[in-house]
Each structure stands twice: as structure tokens, then as C-alpha cells.
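Residue numbers start from 1 in every chain, and the chains themselves are labelled A, B, ... in the order their sequence lines are given, proteins ahead of strands.
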Amino acid sequence: MKESKLYSDKSLFRTGQLLNLNPELYTIWNFRRDILTNFKFKQIPDTDPLKKTAALHKLIISELQFVQAKLSQYPKCYWIWDHRRWCLLNDSQSDWKHELDLISMFFQADSRNFHAWQYRRFIIQCYKDSLSSEDARIQVDWDEFKFTTKMINKDISNYSAWHNRSKLIEKLFIGSSVLKDDNDVYLQVFNAKDKLKFLRKELDLIKTAFYTDPDDSSVWIYLKWLFGDYYIKDLPKNESRKLLEDTIKDIDELNELETEDNGFDNQWCLKSDLFLLKSLLKLLPKDDSSESWKERVDTICDKLIQLDPMRKNKYREHKLQIATES
Amino acid sequence: MTTLEKAKHIAYIKALDDHKDFIEYWMSEHLRMNGLYWGITALFLLKHESEFQKDDVIQFIQSCYDETHGGFGSFPKHDSHLLSTLSALQILKMYDILDDTLTSEQRLSTVRFIKSLQLPDGSFQGDRFGEVDTRFVYTAIQSLSILEELDQGIVDGAVGFILRCQNFDGGFGMVPGAESHAAQCFTCLGTLAICGALDKMDQDQTELLVDWLSERQVISGEFSGGLNGRPEKLPDVCYSWWVLSCLSILKKLDFIDGEKLKGFILKSQDLKSGGISDRPDNQVDVYHTLFGIAGLSLLGYEDLVPVDPVYCMPCFVTNTIKKYPY
Ligand SMILES: [Zn+2]
């Protein structure tokens with residue numbers, strides 16, 4: 001059928017049967033799209049444009065139902081998600097809100113399904129493209145930002161949510177100051193493009209998160225980003241220094257509690273300290289108090305070599321770096 | 001410690017091809033070309049490539065050539081796709097029969113097929129239906145590298161696109177905006193390496209990436225020593241390849257514990273019937289069999305053929321590929 005390019009209802013039905021047996025058959029998905037494009041879409045009479053759009057929409061809706069059934073069975077199959085995207089792009093009346101509801105359903109089953117996250121970003125982009133004003137588009141990003149807060153509050157180890165948050169923050173700092181809302185601090189700092197205030201607010205969230213589960217890596221990885229170039233280069237040096245020192249102090253307090261409870265250091269605290277101390281050393285003038293900080297780096301590396309021997313060579317390299325810099 | 005059951009793995013791979021009447025075999029049509037590549041590469045690394053009849057292999061690959069679009073499908077009569085095209089070229093290259101097998105017309109059409117899939121933003125779609133993924137950039141770039149057909153326009157576009165896929169944690173995703181994933185780190189670093197553009201990565205970002213990669217080795221739990229693909233996920237043997245190859249490309253293989261990882265891979269073998277699974281006591285498959293063995297090869301396991309971390313083919317094969325810039 002495929003080779004003879006036989007585009008018919010019967011062929012369409014057959015592709016459905018085959019895909020029910022095996023949704024990985026990409027060639028059959030291709031054939032299905034060819035049948036829809038070259039046969040089903042063309043069956044729609046051209047006379048009335050409004051009626052044509054409606055008929056096409058109806059056709060796509062039934063195709064989406066087929067896709068949804070497949071997705072519930074195979075939520076990690078690339079080709080099915082691809083086909084769903086293709087469907088939506090072929091319909092000028094796609095219902096983006098409905099798609100977001102569908103994604104929420106997938107998140108309930110697996111809040112880190114990266115297909116579902118990727119699909120969410122795609123839907124959001126489509127929705128934004130459908131909006132005519134820039135203000136409205138920024139509002140969408142703001143809503144998505146709030147969605148990540150919600151997901152993180154539900155489960156602080158949802159790394160996919162932390163990731164998405166980092167992307168949205170960059171967008172919100174670029175967007176013009178148009179967000180309207182009540183007294184939300186985040187919103188004010190985005191409007192004012194105030195990275196310092198943002199960091200203070202965000203570090204509060206981080207602190208809650210690392211007290212909730214000190215052994216979860218997600219939040220610690222995210223913390224490093226907050227002290228990367230993206231923020232630090234826009235901050236006055238003394239402010240960066242103060243933030244770094246305060247955060248190191250917070251982490252040390254947590255580590256003391258952890259050590260009391262467990263009898264040994266929390267290695268994520270030490271790893272984060274190591275990163276923050278190195279950032280601090282980059283900021284400090286060479287003379288200053290940097291020698292004592294360097295000693296701390298050295299001690300932390302020694303502890304990590306004991307606590308995390310799988311990565312001992314990494315810590316040895318850090319030690320060497322610090323030693324050769326002085 | 002258990003050792004690598006070479007003879008059993010060879011027998012397991014060989015037997016795969018003898019089960020043509022099984023339903024599972026038919027169900028894997030969409031992956032047959034990739035499957036053949038996984039099996040043959042594993043045999044090459046075990047120095048037993050002659051277990052497969054070269055002529056049968058050539059005949060199968062020829063039967064998968066897509067006359068309409070150029071390139072290769074995963075199975076006779078299937079549409080060509082970048083994924084199966086790369087596998088076909090890799091197999092031909094490993095057996096050193098690339099030039100004898102492809103007619104000049106086929107070679108030309110295949111190059112045209114691959115090049116035609118590059119989009120204005122430098123990315124590649126997998127086939128004519130427009131799905132973009134860094135996996136496809138890698139498969140296109142490696143294919144063109146094997147054919148020695150890279151040029152500046154293609155390379156610059158691809159490199160630019162890849163760099164836009166790097167995230168806040170230093171890792172890479174499927175597209176700009178997508179979450180970091182170890183397999184995507186491999187496709188992105190591999191692309192940069194083939195394009196001679198590893199130095200285009202920001203220094204701080206590279207450091208974050210190395211850190212992120214080394215943290216993939218899991219400390220606690222029953223799968224201690226194994227590598228996972230994303231934070232807070234279970235280890236899986238295939239990441240022995242995706243993560244390890246990246247660390248090897250970045251010259252930081254010693255930042256994880258190779259002995260512990262060897263232990264995890266060897267524990268995932270089926271000691272009775274051969275083959276390696278994703279983690280101990282699961283069902284084996286040829287995909288995890290290859291990536292387990294390739295991981296061991298990178299770790300310098302005795303008597304395995306050294307594997308090239310960029311191409312996932314034996315080094316003695318990739319040494320014969322002319323490297324870009326030409
Ligand atoms: Zn796997």
C-alpha cells in the first residue's frame with residue numbers, strides 16, 4: 001500500500017492497526033501523515049473557508065484522540081509525541097489549554113517525563129506565537145514561572161522544574177516591565193530587572209529546599225547557577241561577596257546540624273562550599289584574607305576525598321589548582 | 001569480581017540474527033539497522049567481527065537503501081532516516097567496504113539527503129517531517145564525516161545550534177530550552193569534537209559540565225557505582241557509554257571510579273545466556289550489550305579493542321577518517 005502510494009480510508013485504518021501493534025514503526029507514522037495530507041485533507045470541500053477550517057479541525061481532533069490513546073500506553077515513545085506536534089501545527093484552531101491539561105495528566109504519572117516537559121515548552125511557544133501583544137506573551141512566561149514554583153513546592157527534587165525555571169528567569173529578565181500583579185516580590189524584581197533582589201529572594205527558596213532534603217542534588221546544582229556569570233557579572237563586587245559569604249554561612253550551619261545527626265559531614269554541603277569558596281576567591285583581591293579561604297578549600301577537598309572517594313581525583317585536582325595559584 | 005563473559009556475548013549477538021520468525025524480531029523492524037550496528041560494533045570490540053557474514057550484511061544494507069529520498073531506512077521498504085543512515089554508514093566503514101558497496105549515485109544521493117535536512121538555524125531534522133533533535137545533528141555530522149563531506153557552512157551552523165542547547169548546569173538538551181540529559185551531552189560533545197570546535201565552549205560552562213557528568217556516578221543503593229542519565233534517576237548500563245564518552249572527550253575519565261563502574265556493568269551481564277541488560281537482573285538486549293562493552297573498552301578493560309569516544313567505533317577504524325577541517 002505504502003509503495004503504491006495508495007491513499008485511502010482503508011490504508012488509514014490499516015496504519016492504525018499496525019501502530020496499535022507497534023507504535024515505534026516510524027515509517028507507518030510517515031505514511032499516516034501522507035494519507036492525511038494527500039487524501040483526508042483534500043477531501044474537504046474548498047468552497048467555504050470557514051467551513052473548511054472547521055472540518056479540518058474536526059479531523060485533527062479525531063487524530064489527536066488516536067494519538068492520546070497511544071501516548072497513555074507509551075508515554076516515552078518519541079514518534080507519538082512527534083505526530084501529536086505535527087497534528088497541532090496543521091490545525092489553525094488548536095486548543096492549547098486542552099494540551100496543557102493533558103500534560104498535567106502526564107505529570108501526575110511522572111513529573112519528570114522529559115517528553116512531557118519538552119511538549120509543554122512547545123505548547124507554550126505555540127500559544128505565545130498565537131498572541132498578538134508582547135505584554136501578553138511575557139505574561140505567559142510569568143505564569144510558567146509560577147508553575148515551576150508550584151511544582152518545586154510539591155517536590156523539591158523535581159530537577160526538570162528547576163531546569164525550566166532557569167530558562168524562564170532568563171526570559172523574564174529580558175522582557176519589558178509590563179507584568180501586572182499584586183505584591184509578588186518576584187514580579188517586582190523582574191519588572192525592575194533587579195538581579196540582586198532576585199537572588200536574595202531565590203536564596204530563601206533554596207534554603208527552604210536544602211533544609212527539606214539536604215541529600216537531594218537538584219537544589220545544589222541549581223544553587224551553583226545562582227552564583228555563575230549570569231548573575232555575578234551584573235552585581236557590584238561587594239554585593240556578590242556578601243551574598244557568597246552569607247550563603248556559605250547558611251550551608252555551614254546546615255552541615256553542623258547534619259554532622260550532629262549523622263556523625264559525618266553532608267557531602268553536598270561540602271561540594272557546594274567548595275564551589276562557592278572558589279567563586280569567592282575569584283572575587284577577592286590577591287592579598288586580603290584569601291589565604292585562610294584557601295586553607296578552607298584544601299580542608300574541604302581532604303574531607304571530600306574521604307567521603308566521596310569515587311570522585312577523589314576531581315578533588316585532588318582542585319587541591320592542586322589552589323596550591324599552584326598561591 | 002566477575003569477568004566479561006566474552007564467548008557468551010558473542011554467541012548471544014550471533015543468535016539474534018537467527019530468530020527471524022519470532023514476533024519480537026518483526027516488532028523491531030524500526031530498529032533493525034541500528035540493532036545491526038550495535039551488534040556488529042560489539043563484535044568488533046570483542047575482535048569477533050567475522051562472526052557475521054559480510055556479504056549478508058552488505059545485501060541487507062543495500063536492501064534498505066531508499067531510492068526515493070537517498071539515505072537508508074531501518075529495514076527494507078522503510079523510509080530513510082538520519083538514524084538508520086548513520087548506522088548503515090558506520091557498518092560499511094567498520095568492514096572497510098564503504099566505497100565498494102555504495103555506487104557513486106547512491107553516495108551522492110545520500111550526501112544530498114543528509115545535507116537537505118539541515119535547517120536555517122543550523123539544526124537537522126531527522127527526516128522530511130521536521131522533528132529537530134541534537135541526536136539528528138550528531139548523526140548528520142558523523143555521517144558526513146565518514147563520507148568526508150563536511151564543509152564550513154554545515155559545520156558552523158551545526159556548532160552554533162549545539163552551543164545554544166547548553167544549559168544552566170553545563171549539560172546539553174535535545175533542543176534549545178530542553179533539560180540536560182547524558183545522551184544529549186554525548187551527541188553535542190561528539191558533534192563539537194568532529195567539527196573541531198570543543199574550544200568554542202565557555203570555560204566555566206565546561207567546568208560545570210564536567211562536574212555534572214562526574215556526579216552521574218551513583219554512590220548509594222544497590223546499584224552503587226553505576227551511572228545515571230539525569231540527577232536523581234536510577235543508574236543504567238547505557239550511560240556507561242553516554243557519560244563516559246563525554247568524560248573521555250573532555251579528558252576527565254579519572255573523575256569517576258572506573259573500577260566501581262566496571263563492577264556495575266559486569267553485574268548486569270546474563271552469565272547463563274550472554275548479553276548485558278540496563279541493570280542487574282533485567283532482560284538483556286543488544287543495545288545495552290554494546291554500550292556495556294564499549295564502556296569497558298573506554299575503561300581499558302583487558303583485551304578489548306580501544307573504542308573512539310566520539311564515533312563509537314574502534315579507533316583503528318576512525319583513524320582512517322580524514323578529520324575536519326580538511
Ligand atoms: Zn539504558
Side-chain angles (χ1 to χ4, degrees), chain A residues 2-3 21-31 33 78-79 81-83 85-86 89 112 114-115 117-118 121-122 125 157-160 162-167 169-170 215-218 220-222 224-226 228-230 267 271 275 278 307-317, chain B residues 23 26-31 68 73-75 77-81 83-84 126-131 133 135 167-171 173-181 202 204-205 207-208 210-212 214-215 217-220 224-225 230-233 252-261:
Chain A
K2 180 190 158 271
E3 267 180 293
L21 286 172
N22 182 0
E24 297 277 356
L25 291 168
Y26 70 91
T27 304
I28 304 300
W29 286 112
N30 289 353
F31 186 41
R33 285 188 282 268
Y78 284 92
W79 312 111
W81 290 103
D82 294 352
H83 189 69
R85 273 189 277 268
W86 179 87
L89 290 174
R112 292 201 55 204
F114 77 85
H115 295 282
W117 275 102
Q118 190 48 32
R121 283 183 287 267
F122 166 79
Q125 192 55 51
S157 78
N158 191 330
Y159 191 76
S160 308
W162 289 108
H163 161 81
N164 220 30
R165 190 176 181 84
S166 77
K167 294 288 169 195
I169 290 167
E170 289 182 4
D215 292 313
D216 181 86
S217 64
S218 320
W220 295 114
I221 296 174
Y222 183 75
K224 291 203 285 189
W225 180 61
L226 296 181
D229 257 3
Y230 178 70
Q267 50 166 295
K271 286 172 187 176
F275 179 85
K278 285 185 70 183
L307 276 172
D308 185 25
M310 290 203 285
R311 282 163 278 267
K312 58 177 184 290
N313 291 331
K314 188 167 80 178
Y315 307 123
R316 285 190 184 135
E317 200 176 288
Chain B
I23 179 86
W26 177 81
M27 289 294 276
S28 66
E29 257 183 42
H30 63 282
L31 277 175
T68 320
S74 62
F75 197 74
K77 298 192 172 57
H78 281 232
D79 295 343
S80 57
H81 193 283
L83 294 172
S84 35
D127 60 18
R128 68 202 155 96
F129 289 102
E131 277 312 314
D133 186 327
R135 286 183 305 158
N167 290 318
F168 79 108
D169 50 20
M174 283 161 64
V175 288
E179 184 183 340
S180 300
H181 187 290
D202 176 84
D204 287 347
Q205 284 284 87
E207 239 173 79
L208 284 177
V210 167
D211 235 12
W212 189 86
S214 71
E215 288 296 346
Q217 189 163 38
V218 174
I219 303 178
S220 52
S224 159
R230 292 190 285 160
E232 307 299 320
K233 289 273 180 183
K252 299 288 182 201
L253 258 188
D254 62 334
F255 274 22
I256 60 148
D257 188 328
E259 289 308 310
K260 288 250 161 60
L261 177 58

Please classify the contact of B:E207 with chain A as side chain, backbone, both or neither, using a heavy-atom distance under 4.5 Å. side chain
Ion pair check, A:K314 and B:D211, cut-off under 4.0 Å: yes
Stepwise side chain to side chain contact (heavy atoms under 4.5 Å, CB included) test for B:L208 and A:F275: CA-CA 10 Å; B:L208 284 177; A:F275 179 85; 4.1 Å; yes
If we define contacts as heavy-atom pairs under 4.5 Å, which of A:E170, A:K312, A:E317 has the most with chain B? A:E317
Any heavy-atom pair between the side chains of A:E24 and B:L31 that's under 4.5 Å? no
Should A:F114 and B:M174 be marked as a side chain to side chain contact (heavy atoms under 4.5 Å, CB included) after you check the CA-CA gap, both sets of side-chain angles, and the distance that decides it? CA-CA 10 Å; A:F114 77 85; B:M174 283 161 64; 3.4 Å; yes
B:V175 versus chain A, the contacting section by heavy-atom distance below 4.5 Å: side chain
Mind checking the NZ-CD spacing from A:K167 to B:E179? Nearest 0.5 Å is all I need. 11.0 Å
Take A:I28 and B:H30, measure what side chain to side chain contact (heavy atoms under 4.5 Å, CB included) needs, and give me the verdict at the end. CA-CA 10 Å; A:I28 304 300; B:H30 63 282; over 6 Å; no
Assess, by modelled atom type and distance only, whether the side chains of A:S217 and B:E232 contain a donor and an acceptor separated by less than 3.5 Å. yes
Chi angles and distances behind the ring pair (Phe, Tyr, Trp, His ring centres under 6.0 Å) call for A:H163, B:W212: CA-CA 13 Å; A:H163 161 81; B:W212 189 86; over 10 Å; no
Flag the one option from B:Q205, B:K233, B:R135 with the top tally of heavy-atom pairs under 4.5 Å to chain A. B:R135
Any chance you could lay out the side chain to side chain contact (heavy atoms under 4.5 Å, CB included) test for A:M310 and B:F255, step after step, and finish with the verdict? CA-CA 8 Å; A:M310 290 203 285; B:F255 274 22; over 6 Å; no
How far does CZ of A:R316 sit from CG of B:D254, to the nearest 0.5 angstrom? 9.5 Å
Establish, for the pair A:R85 and B:F129, whether the NZ or CZ atom is under 6.0 angstrom from the six-membered ring centre and no further than 45 degrees off its axis. no
Taking side chain as everything from C-beta outward and backbone as N, CA, C, O, which of these in B:S84 sits under 4.5 Å from a heavy atom of chain A? Side chain, backbone, both or neither. side chain
Report yes if some heavy atom in the side chain of A:S160 is under 4.5 Å from a heavy atom in the side chain of B:R230; otherwise report no. yes
Does B:D133 reach the side chain of A:Y78, with side-chain heavy atoms less than 4.5 Å apart? yes
A:Y26 and B:H78, any side-chain heavy atoms less than 4.5 Å apart: yes
Measuring heavy-atom distances to chain B, does A:S166 have an atom under 4.5 Å in its side chain, in its backbone, in both, or in neither? side chain
If we define contacts as heavy-atom pairs under 4.5 Å, which of A:D229, A:D308, A:L89, A:D216 has the most with chain B? A:D216
So, using side chain to side chain donor-acceptor pair (under 3.5 Å) as the criterion, who are the partners of A:R121 when residues are at least two apart? A:Q118, A:N164
What residues form a side chain to side chain donor-acceptor pair (under 3.5 Å) with B:S180, not counting sequence neighbours? B:N167, B:D169
Heaviest contributor of heavy-atom pairs below 4.5 Å to chain B, chosen from A:W162, A:Y222, A:W29, is A:Y222
Does some side-chain heavy atom of B:D257 sit less than 4.5 Å from a side-chain heavy atom of A:P309? no
Starting at NZ of B:K77, measure out to OG1 of A:T27 and round the result to the nearest 0.5 Å. 12.0 Å
